[in-house]
Amino acid sequence: MSCHGLVRKQVGPGFAQIAERYRNDPAAPTQLASKIRNGSVGTWGRVIMPRQSRVTDPDAKALAEWVLSQPSPP
Ligand code: HEM
């Protein structure tokens, strides 16, 4: 939570901003689950999101779906 705000950018994008970006993308739950586990860079900028290797596959999927369920940023 020190890296992601619920709505606005902190170190990484806000969860509501992520949800907005992938609103109509049916591949997003699987893609984001994989990025949560493996890390990511270059999609939102040049800051690296480190891999979250202790997060299991099913937990990563649940987290991705939760992120994607956030309402549009006000
Ligand atoms: C379990 C914890 C975390 C979850 C569920 C999570 C979730 C996400 C998601 C869904 C994205 C979007 C990826 C995309 O659009 O392709 C993202 C990106 C990002 N996250 Fe996280 N994150 C977590 C932990 C962290 C931590 C600890 C940091 C900072 C140290 C961080 C920093 C970032 C950054 C900088 C990006 C943008 C990466 C890029 O541009 O490709 N995240 N995160």
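Everything numeric in this text was worked out from a predicted model, so none of it was measured. One-based numbering, in listed order, for ligands and for the atoms of each.
The part of Pro50 lying near ligand 1 is the side chain, judged by heavy-atom distances below 4.0 Å.
Interface atoms of ligand 1 facing Gly42, defined by a heavy-atom separation under 4.0 Å, are 39 (C), 40 (O), 41 (O). Taking a cut-off of under 4.0 Å to the non-hydrogen atoms of Gly45, the atoms of ligand 1 that pass are 40 (O). Each of the following atoms of ligand 1 lies closer than 4.0 Å to a heavy atom of Val47: 35 (C), 38 (C).
In this view, Ile48 and Val41 satisfy the side-chain contact (heavy atoms from CB on, under 4.5 Å) rule, not counting sequence neighbours. For Arg51, the side-chain contact (heavy atoms from CB on, under 4.5 Å) partners two or more places apart in sequence, or in a different chain, are Ser53.
Applying the side-chain contact (heavy atoms from CB on, under 4.5 Å) test between Pro13 and each of Gln10, Gln17, Lys9 identifies Gln17 as the sole match. When the options Thr43, Asp25, Ile36 are evaluated for a side-chain contact (heavy atoms from CB on, under 4.5 Å) with Gln31, the one that passes is Asp25.
Classified by interplanar angle (parallel below 30°, tilted 30° to 60°, perpendicular above 60°), the ring pair Phe15/His4 is parallel.
Nearest protein heavy-atom neighbour of atom 40 (O) of ligand 1: Trp44 N, 2.6 Å. Ranking the protein heavy atoms by distance from atom 15 (O) of ligand 1 puts Tyr22 OH, 2.5 Å first.
Distances from atom 21 (Fe) of ligand 1 under 2.8 Å pick out these protein N/O/S atoms: His4 NE2, Met49 SD.
Between the choices Ile18, Thr43, Val11, Val41, the shortest heavy-atom distance to atom 9 (C) of ligand 1 belongs to Ile18.
The distance from the CE atom of Met1 to the CG atom of Leu6 is 5.5 Å, given to the nearest 0.5 Å.
The salt bridge (charged side-chain N to carboxylate O under 4.0 Å, His left out) pairs that include a residue from residues 32-47 are Arg37-Asp57, where partners are two or more places apart or lie in different chains.
Proximity of a side-chain donor or acceptor of Asp59 to a complementary backbone N or O of Val55 within less than 3.5 Å is not detected.
You'll find the side chain of Tyr22 stays beyond 4.5 Å of the side chain of Val67, heavy atoms only.
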